[in-house]
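Here the structure comes first, spelled out in structure tokens, and everything after it is commentary.
The chain is numbered in sequence order, starting from 1.
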Amino acid sequence: MIRSGIEESIHLGSVAVADVEGRVVVSAGEADRLTYLRSAWKPLQAAACVARIGGLHDREIAVMAGSHNAEEVHLEAVRSLLGRAGLDEGALGCPPSRPIDPEPRSESPATILHDCSGKHAGMLLACVRAGWETGSYLDPAHPLQREIVELTGAAAGAPVSSLGVDGCGAPAAALPLRAIATAFARLPQELGPAATRVVEAMRAEPYLVAGRGRVCSAVMEAFPVVAKVGADGVAGASLVGRGLGIALKVDDGAGRARDAALVRALALLDVVDPSRVPAFAAPPVLGGGTPVGELRSDFSLA
């Protein structure tokens, strides 16, 4: 971080880049670091749901795999999923929330405004299509959650190490970074038609994955990559057409550092031109509402 000419060093954490065989190609820090995927799990969770659902539009799948801003375009997609399931917003198991949209919004907290409501709506629709009970769809013992964990283990080449509870109330999986990177490497083509469909939808509708001012949408709109960040400084990405996946964890859990680190990793792999996404490559440091410096990510991959 550069603030008024004084450089402050922040320890990144760890990055792993793996191929479809599970080999770590390059890394920084601890490639075996056990990490909760948080919302970076969503593309795999969506793939397990899409395997149970046919006929979805790209926007619906993208919002299932995303952490949305609750802009109107996102809410329309979530409502569409609920409508297909014959359910209303009361069926969503995520807690009431306000939008994370950076534009001023005045809505009172509501479950559909939670950034994970697309994931939850997709899970509910998958349960309806499979004939499963919906009231307990977040229980780790529910058939849908077991299928998600099974798919994740197959994708990662390693069993899910631990299941916790995410901020939205859904299960939260932990895996070593190298295993997360392997799962992202395999996501585009190695995990079957449902996962491939998720990748296609995320690339076709990147804005539905996050929205304005968000790194996932920005890099997917401009470059051949599928990216998904999560809370606590976690991110994953698939390098489309190259058979490589990235997983990273920032030690202090900061989203600003996570976004810069993701752009840096993608740049080091010749996927992203940082000058085209400057707001994430070098986010400003503000003092009194005025830029007084910037945050830079400058690690190397070995």
So CD of Glu190 and OG1 of Thr196: to nearest 0.5 Å the spacing works out to 8.5 Å

Residues Arg203 and Glu221 bridged, charged N to O under 4.0 Å: no

Say whether Val215 and Ile100 are linked into one hydrophobic cluster, either directly or through other cluster members, by side-chain heavy-atom distances under 4.5 angstrom. no

Kindly indicate, with the supporting measurements, whether the criterion side-chain contact (heavy atoms from CB on, under 4.5 Å) is fulfilled by Val128 and Thr134. CA-CA 7 Å; Val128 169; Thr134 59; 3.9 Å; yes

Are any side-chain N or O atoms of Ser217 and backbone N or O atoms of Gly211, one a donor and one an acceptor, separated by less than 3.5 Å? yes

Can a donor-acceptor pair be found, under 3.5 Å and without considering hydrogens, that links the side chain of Arg129 to the backbone of Arg52? no

Take Val225 and Val240, measure what side-chain contact (heavy atoms from CB on, under 4.5 Å) needs, and give me the verdict at the end. CA-CA 5 Å; Val225 62; Val240 178; 5.6 Å; no

Between CG on residue Leu248 and CZ on residue Arg264, distance to nearest 0.5 Å: 13.0 Å

Output yes when Arg79 and Asp88 qualify as a salt bridge under the 4.0 Å nitrogen-oxygen rule, no when they do not. no

Are Glu200 and Asp58 side-chain neighbours, meaning at least one heavy-atom pair lies under 4.5 Å? no

Quick one: CG on Leu113 to CD on Glu71, what's the gap to the nearest 0.5 Å? 12.0 Å

Atom CD of Gln189 with >12 non-hydrogen neighbours under 6.0 angstrom: no

Counting N and O atoms only, with roles assigned by atom type, does the side chain of Arg256 sit under 3.5 Å from a partner on the main chain of Leu295, one being a donor and the other an acceptor? no

Between Asp32 and Leu177, is a side-chain contact (heavy atoms from CB on, under 4.5 Å) present by the stated rule, with each step listed? CA-CA 6 Å; Asp32 290 313; Leu177 277 179; over 6 Å; no

Taking the side chain as every heavy atom from C-beta outward, state whether Ile246 and Phe184 have any pair of such atoms under 4.5 Å apart. no

Flag the pair Val209 / Val63 as yes when at least one side-chain heavy-atom distance between them is below 4.5 Å, and no otherwise. no

State, yes or no, whether a side-chain contact exists between Leu244 and Val20 at a heavy-atom distance under 4.5 Å. no

Nearest 0.5 angstrom please: Glu147 CD to Trp132 CH2, how far? 3.5 Å

How close do Ala47 and Ala195 get, heavy atom to heavy atom, and via which atoms? CB-CA, 3.8 Å

All heavy atoms of Cys49 vs all of Met64, minimum pair found to be CB-CE, 3.6 Å

Between His68 and Ser117 the two heavy atoms that sit nearest each other are NE2-OG, 2.8 Å

Is it true that a side-chain atom of Arg197 and a backbone atom of Leu56 form a donor plus acceptor pair closer than 3.5 Å? yes

Charged N-O contact under 4.0 Å between Asp101 and Arg212: yes

Tell me whether Arg258 contacts the main-chain N or O of Gly230 through its side chain, where contact means a donor paired with an acceptor under 3.5 Å. yes

Would you mind reporting whether Lys42 and Cys116 have side-chain heavy atoms less than 4.5 Å apart? yes

Name all residues meeting the ring pair (Phe, Tyr, Trp, His ring centres under 6.0 Å) criterion together with His114; count only those two or more places apart in sequence or in a different chain, and write none if there are none. none

Please confirm whether the backbone N or O of Ile148 pairs with a side-chain atom of Thr152, one donor and one acceptor, at under 3.5 Å? yes

With the 4.5 Å side-chain cut-off for hydrophobic clustering, are Leu124 and Ile112 part of the same group? yes

CD (Glu133) with more than 12 external heavy atoms under 6.0 Å: yes

Any heavy-atom pair between the side chains of Val73 and Leu208 that's under 4.5 Å? yes

Between the CG atom in Leu268 and the CG atom in Leu301, the distance rounded to the nearest 0.5 Å is 5.0 Å

Distance-minimising heavy-atom pair for Ala77 and Arg59: CB-O, 3.9 Å

Is there a side-chain contact between Asp259 and Pro283 in this structure, where contact means two heavy atoms from C-beta onward sitting under 4.5 Å apart? no

How close do Leu81 and Gly118 get, heavy atom to heavy atom, and via which atoms? CD1-O, 4.0 Å

With sequence neighbours left out, which residue pairs that include part of residues 20-31 fulfil the side chain to side chain donor-acceptor pair (under 3.5 Å) condition? Asp19-Arg23

Look at the side chain of Lys119 and the backbone N and O of Pro43, then say whether any donor-acceptor pair between them is shorter than 3.5 Å. no

Roughly how far apart are Leu144 CG and Leu138 CG, rounded to 0.5 Å? 9.5 Å

Should the ring pair His74 and Tyr207 be called parallel, tilted or perpendicular, given that the plane angle runs from 0 to 90° and is split at 30 and 60? parallel

I'd like to know whether Ser67 forms a side chain to side chain donor-acceptor pair (under 3.5 Å) with Lys228, so could you lay out the CA-CA distance, the side-chain angles of the two residues, the decisive distance to 0.1 Å, and finally the verdict. CA-CA 8 Å; Ser67 301; Lys228 185 67 195 77; 2.9 Å; yes

May I ask you to test the Ile53-Glu60 pair for a side-chain heavy-atom distance under 4.5 Å? no

Any chain of hydrophobic side-chain contacts (each under 4.5 Å) joining Val250 to Val234? no

Minimal non-hydrogen separation, Ala121 against Leu92, with atom names: N-CD2, 3.8 Å

I'd like to know if Val165 and Tyr137 are part of one continuous hydrophobic network [Ile/Leu/Val/Met/Phe/Trp/Tyr, side-chain heavy atoms within less than 4.5 Å]. no

Single-linkage hydrophobic cluster Leu82~Val50, side-chain heavy atoms < 4.5 angstrom: yes

Qualifying side chain to side chain donor-acceptor pair (under 3.5 Å) pairs, either residue in residues 155-164, two or more places apart: Tyr36-Ser162

Applying side-chain contact (heavy atoms from CB on, under 4.5 Å), run through Leu37 and Leu175 and close with a yes or a no. CA-CA 7 Å; Leu37 282 82; Leu175 284 165; 4.1 Å; yes

